[in-house]
Amino acid sequence: MRRFFRSQWLGKLVLALTIMSSISGCWSSYEINNLAIVTLLGIDLDENGQFKMSALIVDPTMMNSGGQGGGKMESPFLIASATGTNLFDSIRKISSTIPKKVYWAHLQAIIFGSEAAKDKMIPALDILARQHEFRKNIDVLVSKGKASDIIGMRPNLKSDMGAEIRGIIRLSPKTSLTMVSDISRLTQDISSDRTDHITGEISPSMEKGVEIIKSNKTTSAVSIRGTAVFKQDHFAGWMDQKETRGVLFLRDKVKGGIAKVPCRRDPSGMVSLQFSNVTTQKTPMIVNGQPEMKVSIDVKADIDEITCPDFHLSTQEIQYLNLKLKEQVIEYVEKALQKGQRQWGTDIFEFGDVIYKRYPKEWAKLKPNWRIDGLKNMKVRLDVSAHVTRSGLISDPLQAEESR
């Protein structure tokens, strides 16, 4: 038990030192004992359509003390909530009830509840972009439920939920199942007449089929998969993991991830392929006055796992894997185009930006009708090449010798 409390105390001390080092270099620095540091912010709407803000706040002095007088350890974290006619009103209400300077520069992420994202995301981002206390590289996420439900969850491997969510975001490129944008990127896309904005979906992990067991009990955890998609100033809808991966292929943002291919002889087994290098090139064309887009995608992948019975790596097997990998990539992209381009008419693929850079004069004529039906009617030509390049340290799956 003593070892448990000691490890808890050390973890809290490390976080406190990290916060102190990030604060000490600021020109407008404050004494750390006088700060209430916000690490996570949730934005919802109440039943009257007003902003309801939830802030996860850490008291650094409590993290250093390790408890009061050796008695029961008190949590250094608290959640402050306030409702206001606008976001700034909510911020001021929280500041007026905390007996310390509310410090926003260590904020790890901002989470919008679904209703707030649909109706109030742009005015909220406008305030966040204007205030100097909010860094412009703070990541923004959207929940299908209430943001306050995520704020109130307990971390599993980090000291607080802000750090836990930040860690998941940093590792997300390795799976290519989501795309998280920060304040700077979102405000840039919102102001653009050529690109629409998109960011990651956050949800309880159980909703994504992931169960976390801690101390022999199922515990709450978060998952960041899929995306929330917007069209100009309104919410367009949700994209699942496959559709999101298609968007990432089209935007040349695939940095990792797994594709599963059924075995050639026995579809009950699978070959897992790890994306090792992906490059995408978009080439715009004007044909008879109408825009067209050629998308060339080159995919290289390594064999990660084989569960096929009697599998032997051969030229024929490699050709089969190449073909199936190509088909999967086309499926990802087609799903994304079907929903994003043809159904919603939202340019999260940066097609308009590519056309503008190649044909600025033609774009001036296309722009007024682009988001009405110009994008929806544009022909997209896909050219996908896929190559399985490596099989790992062994070529065939391990098999027990039957004579034993």
Side-chain angles (χ1 to χ4, degrees), residues 40 108-111 137-143 150 153 155-159 161-182 184-186 198-212 221-229 238-261 270-280 297-307 321-322 324-326 328-333 335-336 348-350 384-393:
L40 195 60
Q108 300 295 301
I110 299 169
I111 303 171
N137 63 345
I138 300 171
D139 291 313
V140 178
L141 299 160
V142 181
S143 169
I150 303 294
M153 298 175 78
N156 290 303
L157 295 177
K158 296 287 187 176
S159 57
M161 280 305 297
E164 185 120 332
I165 289 171
R166 180 60 182 161
I168 297 172
I169 292 172
R170 285 181 175 176
L171 293 173
S172 63
K174 295 182 180 295
T175 60
S176 297
L177 296 174
T178 190
M179 179 178 176
V180 180
S181 300
D182 59 18
S184 177
R185 179 71 204 206
L186 286 173
I198 181 174
T199 195
E201 175 200 342
I202 185 169
S203 60
S205 61
M206 292 291 287
E207 295 181 7
K208 300 296 182 180
V210 180
E211 184 180 45
I212 303 295
V222 295
S223 176
I224 302 177
R225 298 187 180 189
T227 42
V229 179
W238 304 96
M239 281 193 167
D240 63 21
Q241 299 169 38
K242 288 186 177 181
E243 294 159 346
T244 299
R245 182 170 282 181
V247 175
L248 293 171
F249 271 113
L250 288 165
R251 293 183 64 153
D252 196 22
K253 296 289 186 181
V254 175
K255 305 302 179 185
I258 296 288
K260 293 183 178 181
V261 174
M270 303 292 292
V271 178
S272 297
L273 303 173
Q274 172 79 38
F275 299 121
S276 57
N277 187 38
V278 178
T279 55
T280 301
I297 304 175
D298 181 70
V299 181
K300 292 182 174 60
D302 303 334
I303 296 176
D304 199 55
E305 181 183 13
I306 303 171
T307 61
L321 294 176
N322 290 344
K324 290 300 178 182
L325 179 59
K326 176 180 177 179
Q328 280 208 24
V329 173
I330 292 175
E331 179 186 359
Y332 294 142
V333 174
K335 282 180 177 291
I348 52 176
F349 313 106
E350 300 181 324
V384 178
S385 60
H387 310 279
V388 176
T389 56
R390 293 187 296 183
S391 61
L393 298 179

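What you are looking at is a predicted structure, and each value in this text was computed from that prediction instead of being measured. FYI, side chains are in, hydrogens and waters are out, and symmetry mates aren't considered; it's all heavy atoms of this structure.
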Pairwise side-chain contact, [X] with [Y], heavy-atom cut-off 4.5 Å (strictly under):
X	Y	value
Leu321	Ile303	yes
Thr227	Val247	no
Tyr332	Leu248	no
Ile165	Gln108	no
Ile258	Gln274	yes
Leu250	Thr280	no
Leu141	Ile169	yes

Spatial distance of atom [atom1] ([X]) from atom [atom2] ([Y]) [nearest 0.5 Å]:
X	Y	atom1	atom2	result
Ile138	Asp182	CD1	CG	9.0 Å
Lys260	Leu325	NZ	CG	14.5 Å
Ile348	Met239	CD1	CE	4.0 Å
Ile297	Thr279	CD1	OG1	9.0 Å
Ile111	Ile202	CD1	CD1	4.0 Å
Met179	Glu201	CE	CD	15.5 Å

Subject >> Parallel, tilted or perpendicular: rings of Phe249 and Phe275 (30°, 60°) >> reply: perpendicular
So does [Y] get a backbone contact from the side chain of [X], meaning a donor-acceptor N/O pair under 3.5 Å?
X	Y	answer
Ser184	Asn137	no
Glu243	Lys335	no
Ser276	Lys300	yes
Arg225	Ser203	no
Ser181	Leu186	no
Asn322	Val388	yes
Glu164	Leu157	yes

Original post:
By salt bridge (charged side-chain N to carboxylate O under 4.0 Å, His left out), which residues pair with Arg185, not counting sequence neighbours?
Top reply: Asp189, Glu350
**OP:** Over all heavy atoms of both residues, which pair between Ala301 and Leu273 is shortest? Give the atoms and the distance, please.
**Re:** CB-CB, 4.1 Å
**OP:** Report the C-alpha separation of Asp302 and Thr389 in whole Å, then their side-chain angles, then the decisive distance to 0.1 Å, and conclude whether the side chain to side chain donor-acceptor pair (under 3.5 Å) test is met.
**Re:** CA-CA 6 Å; Asp302 303 334; Thr389 56; 3.1 Å; yes
**OP:** Decide side-chain contact (heavy atoms from CB on, under 4.5 Å) for Arg251 and Ile198; before the verdict, give the C-alpha distance in whole Å, the side-chain angles of both, and the deciding distance to 0.1 Å.
**Re:** CA-CA 12 Å; Arg251 293 183 64 153; Ile198 181 174; 3.7 Å; yes
**OP:** Kindly write out the residues that satisfy side-chain hydrogen bond (donor to acceptor under 3.5 Å, both in side chains) with Ser385, not counting sequence neighbours, or none if the list is empty.
**Re:** Asp298
Subject >> Inter- and intrachain pairs under side chain to side chain donor-acceptor pair (under 3.5 Å), touching residues 168-179, at least two apart >> reply: none
